[in-house]
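Scroll down for the structure; my scribbles are underneath it.
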Amino acid sequence: MQIDVKILDRRLAGQLPSYATPGSAGLDLRACLEAPLSLAPNAWQLVPTGLAIHLADPGYAALILPRSGLGHKHGIVLGNLVGLIDSDYQGQLMVSAWNRSPTSFTIEPMERIAQLVVVPVVQARFHVVDEFAAPSERGEGGYGSTGRG
Ligand SMILES: O=c1ccn([C@H]2C[C@H](O)[C@@H](COP(=O)(O)OP(=O)(O)OP(=O)(O)O)O2)c(=O)[nH]1
Ligand SMILES: [Mg+2]
């Protein structure tokens, strides 16, 4: 599919996000910072990506997810855990970078800090009922009802 994109930071002109391999699901987003950003332990900061996208079709959304290496090795994840980009959002994509580690981490300008995944979405309607039409095997069981492990 094709997505309209606005390049808000000229440093991205030659390096739009792209799929790193033919099977990649995520497009890496870069930290469009003027200077290195030091994140103290447990600090978080909104980081601009220099890009705005307009998915336009309500049948799509995009998710901002952590990069696994940064998250696992350095504790750089997202302050909102997952970023959800609505199909009608036209503003700059922002990354809430959260250092959940006990050591400071410095994000360098234009470093790849998170990834964007475009996903299909179903917008549901609610149909109010008193009872569900067919009982299911699970019924109201949840929260470990099937046992642990
Ligand atoms: O990590 C994120 C999360 C959201 N957004 C943008 C796109 C999204 O469409 C918009 C609103 O996000 P969301 O609905 O999650 O936030 P909200 O707190 O409910 O704000 P709003 O009242 O504007 O919907 O903010 C980002 O740029 N980065
Ligand atoms: Mg919202």
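Everything quoted here is computed from the prediction, not taken from an experiment. Ligands are counted one by one from 1 in listed order, and the atoms in each one are counted from 1 as well.
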Worksheet item: Does L8 belong to the same Ile/Leu/Val/Met/Phe/Trp/Tyr cluster as V95, with side-chain heavy atoms less than 4.5 Å apart forming each link?
Response: no
How far is [atom] from its nearest protein heavy atom, and which residue and atom name does that atom have?
{"atom": "atom 1 (O) of ligand 1", "value": "N80 ND2, 3.0 Å"}
{"atom": "atom 5 (N) of ligand 1", "value": "I85 CD1, 3.7 Å"}
{"atom": "atom 25 (O) of ligand 1", "value": "Y89 CE1, 4.0 Å"}
{"atom": "atom 8 (C) of ligand 1", "value": "L84 O, 3.2 Å"}

Worksheet item: Do protein heavy atoms approach atom 27 (O) of ligand 1 to less than 4.0 Å?
Response: yes
Discussion item. Does the protein place a non-hydrogen atom closer than 4.0 angstrom to atom 14 (O) of ligand 1?
Written reply: yes
Within ligand 1, which atoms have a heavy atom of [X] less than 4.0 Å away?
{"X": "G83", "result": "1 (O), 2 (C), 3 (C)"}
{"X": "Q92", "result": "27 (O)"}
{"X": "M94", "result": "1 (O), 2 (C), 26 (C), 27 (O), 28 (N)"}
{"X": "L93", "result": "27 (O)"}
{"X": "I64", "result": "1 (O), 28 (N)"}

Anything under 3.5 Å between a donor and an acceptor, one on a side chain of residues 17-33, the other on a protein residue two or more places apart or in another chain? List them.
{"residue": "T21", "atom": "OG1", "partner": "S24", "partner atom": "N", "Å": "3.3"}
{"residue": "T21", "atom": "OG1", "partner": "S24", "partner atom": "OG", "Å": "2.8"}
{"residue": "S24", "atom": "OG", "partner": "T21", "partner atom": "N", "Å": "3.0"}
{"residue": "S24", "atom": "OG", "partner": "T21", "partner atom": "O", "Å": "3.4"}
{"residue": "D28", "atom": "OD2", "partner": "R112", "partner atom": "NH1", "Å": "2.8"}
{"residue": "R30", "atom": "NH1", "partner": "M110", "partner atom": "O", "Å": "2.9"}

Fill in: Pairwise side-chain contact, I107 with L39, heavy-atom cut-off 4.5 Å (strictly under)
yes
Does [X] reach the main-chain N or O of [Y] with its side chain, forming a donor-acceptor pair under 3.5 Å?
{"X": "S87", "Y": "A61", "answer": "no"}
{"X": "R138", "Y": "G141", "answer": "yes"}
{"X": "T106", "Y": "S38", "answer": "no"}
{"X": "D9", "Y": "R11", "answer": "yes"}

Practice prompt. Kindly confirm or rule out an N or O of D86 lying under 3.5 angstrom from an N or O of ligand 1.
Written response: yes
Discussion item. Within a 6.0 Å radius of atom OH on Y60, are there more than 12 heavy atoms belonging to other residues, nucleotides or ligands?
Written reply: no
Discussion item. Which residues pass the salt bridge (charged side-chain N to carboxylate O under 4.0 Å, His left out) test with E137, not counting sequence neighbours?
Written reply: none
Item to complete: With heavy atoms only and a cut-off of under 4.0 Å, state how L78 meets ligand 1: side chain, backbone, both or neither.
Response: neither
